[in-house]
**Student:** 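First the structure, which I've put down as structure tokens, then a few questions once you've had a look.
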Protein chains: 2
Amino acid sequence: MKPTDTKTQILDVAQDLIQRLGANGMSYKDISEAVGIRKASVHTHFPKKDDLLMALLERYSDRFRRVVDSILATDESPETKLRRYCGLYEANLSSSSQDKACLCGMVGAELATLNQPLAEQVCAFYQDNEARLTMMLLEGQQTGDFRFAGEPEALAAVVFASLQGGLLIARAYGGAQKFQSEIEQLMRLVKN
Amino acid sequence: MKPTDTKTQILDVAQDLIQRLGANGMSYKDISEAVGIRKASVHTHFPKKDDLLMALLERYSDRFRRVVDSILATDESPETKLRRYCGLYEANLSSSSQDKACLCGMVGAELATLNQPLAEQVCAFYQDNEARLTMMLLEGQQTGDFRFAGEPEALAAVVFASLQGGLLIARAYGGAQKFQSEIEQLMRLVKN
DNA sequence: GTCTATAGCGCGATAGAC
DNA sequence: GTCTATCGCGCTATAGAC
């Protein structure tokens with residue numbers, strides 16, 4: 001296990017804070033204390049808060065896209081793929097993660113307080129994920145594993161909104177258990 | 001049209017700001033400028049920010065509950081009732097509302113930065129609305145207007161999460177049009 | 001109930017020593 | 001790359017005149 005460099009530690013801590021408190025609820029002070037360095041040192045790595053946010057959103061989107069694509073590339077059943085996709089969100093509610101939302105779901109709520117490049121990143125994440133969900137649903141429809149009313153794109157939008165909204169709501173009450181039952185219900189809807 | 005008193009103006013302006021920017025993205029300065037009085041005068045009506053937030057959440061929850069109950073009390077079809085419920089959220093995206101989220105959806109994202117009584121209010125709003133959605137779905141199931149897999153409670157949670165999440169996402173891209181097509185997809189899912 | 005004025009704090013950000 | 005020190009600003013909140 002090689003030691004994590006400071007820049008990565010900052011990103012890790014900042015992401016955790018934003019997923020729990022929001023970008024407007026997190027400060028350089030919070031980061032510095034969690035990492036164990038001084039505020040000024042955080043500015044060395046990310047001069048402006050917008051620099052930090054952009055780096056975070058890019059890292060998060062890239063990682064997420066890679067994981068999702070690896071799920072899509074397997075030869076597992078459409079249902080298993082969809083379940084594994086949903087599991088990416090569910091992981092944020094596990095006991096060790098302390099009720100986090102999706103980074104882009106959280107920042108999306110604060111969208112009107114962000115500059116344009118950041119807003120575009122969030123927007124791209126949404127479109128990206130809806131497109132990949134559409135592919136999953138379409139594949140399942142073609143194999144006959146899924147059967148549902150309406151177009152795959154429209155259902156993908158509903159599923160994506162359910163996952164993002166469900167995470168935010170499950171943090172308030174119900175937790176991981178409620179979120180899991182929501183995923184089960186989504187699976188029922190997709191299989192008709 | 002009798003003139004609105006200052007306290008009500010403050011609540012109206014603050015609610016609008018929070019639905020667009022979040023509770024952490026709004027300040028007493030923003031309110032005072034929008035109302036046309038000084039910051040100190042806002043503190044006269046709501047000494048602490050938590051006082052203002054609590055008053056806002058209570059007013060919002062009460063109004064919302066009243067409207068929903070009036071929808072439930074009509075003798076319209078289950079589908080019409082559900083559509084009118086969804087319309088309450090859709091109204092936030094109309095051209096005159098400038099892309100607002102649900103007040104409780106927005107504040108729910110910032111839940112971890114709030115004190116406990118406020119968090120409980122948000123939580124109660126969620127439970128309240130899921131319960132009423134459950135009633136709508138159950139009624140439709142009994143009349144035969146709705147046909148869906150799973151329990152009404154589980155589907156209600158999915159519908160509620162879709163609406164809350166869908167609002168946040170539609171603000172980022174797609175707008176009212178995308179949200180409307182999401183509602184249509186929800187209706188298809190509910191009718192089987 | 002509104003105002004001016006200000007306290008007190010935390011924020012993002014920068015300068016400059018080591 | 002980290003530190004100390006500090007700047008300037010915006011925030012919540014309060015005191016006291018009108």
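As the structure is a prediction and not an experimental result, all values here were calculated from the model. Convention: sequence-line order gives letters A, B, ...; per-chain numbering from 1.
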**Student:** Please round to 10 degrees the angle between the axis of the first five pairs and the axis of the last five pairs in the helix from C/dG1-D/dC18 to C/dC18-D/dG1.
**Tutor:** 0°
**Student:** Any salt bridge (Lys or Arg N to Asp or Glu O under 4.0 Å) pairs touching residues 134-150 of chain A, not counting sequence neighbours?
**Tutor:**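 Counting only pairs at least two positions apart or across chains, the salt bridge (Lys or Arg N to Asp or Glu O under 4.0 Å) contacts touching residues 134-150 of chain A are A/Lys81-A/Glu139.
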**Student:** Please check the phosphate of D/dT2 (OP1 and OP2 only) for any side-chain N or O of A/Thr6 closer than 4.0 Å.
**Tutor:** yes
**Student:** Measure the distance from CG on B/Leu53 to C1' on D/dT12 and round it to the nearest whole Å.
**Tutor:**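 Computing the B/Leu53:CG to D/dT12:C1' distance gives 12 Å.
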**Student:** List in numerical order all residues of residues 16-29 of chain A for which some heavy atom is under 4.0 Å away from an atom belonging to DNA chain C.
**Tutor:**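 Under 4.0 Å from DNA chain C: A/Met26, A/Ser27, A/Tyr28, A/Lys29.
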**Student:** In whole angstroms, how far is the C1' atom of C/dA13 from the CG atom of A/Asp50?
**Tutor:**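 Taking CG of A/Asp50 and C1' of C/dA13, I get 13 Å after rounding.
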**Student:** Could you list all N or O pairs between the protein and nucleotides 14-18 of chain D that sit under 3.5 Å apart?
**Tutor:**
from: D/dT14; atom 1: OP1; to: B/Lys48; atom 2: NZ; distance (Å): 3.0

**Student:** For A/Phe46, check ring pair (Phe, Tyr, Trp, His ring centres under 6.0 Å) against everything at least two apart and list the hits.
**Tutor:**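 Residues passing ring pair (Phe, Tyr, Trp, His ring centres under 6.0 Å) with A/Phe46: none at all.
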**Student:** What pairs meet the ring pair (Phe, Tyr, Trp, His ring centres under 6.0 Å) rule with one or both residues in residues 170-192 of chain B, with sequence neighbours excluded?
**Tutor:** none
**Student:** Give me the ring orientation class for B/Phe160 and B/Phe125: parallel if the planes are under 30° apart, tilted from 30 to 60°, perpendicular past 60°.
**Tutor:** tilted
**Student:** Tell me, please, which residues at least two apart from B/Glu76 pass salt bridge (Lys or Arg N to Asp or Glu O under 4.0 Å).
**Tutor:** B/Arg84
**Student:** List for me each residue that meets side-chain contact (heavy atoms from CB on, under 4.5 Å) alongside A/Glu184, sequence neighbours excluded, and say none if there are none.
**Tutor:**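 Listed in chain order: A/Arg83, A/Arg188.
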**Student:** Find the distance A/Ile31:CD1 to D/dT2:P and express it as a whole number of Å.
**Tutor:** 14 Å
**Student:** Ignoring backbone atoms, test whether B/Ser41 places a side-chain nitrogen or oxygen under 4.0 Å from the OP1 or OP2 oxygen of C/dC3.
**Tutor:**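 Yes, B/Ser41 has a side-chain N/O under 4.0 Å of OP1/OP2 on C/dC3.
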**Student:** Is the CD atom of B/Gln98 crowded by more than 12 outside heavy atoms at less than 6.0 Å?
**Tutor:**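 No.
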**Student:** Which salt bridge (Lys or Arg N to Asp or Glu O under 4.0 Å) pairs, counting each pair once, include a residue from residues 156-169 of chain B, with sequence neighbours left out?
**Tutor:** none
**Student:** Run the salt bridge (Lys or Arg N to Asp or Glu O under 4.0 Å) test against A/Glu33 and tell me which residues pass, sequence neighbours left out.
**Tutor:** A/Lys29
**Student:** Applying salt bridge (Lys or Arg N to Asp or Glu O under 4.0 Å), can you list everything that pairs with B/Asp75, at least two apart in sequence or on another chain?
**Tutor:** none
**Student:** Which residues pass the salt bridge (Lys or Arg N to Asp or Glu O under 4.0 Å) test with A/Glu90, sequence neighbours left out?
**Tutor:** none
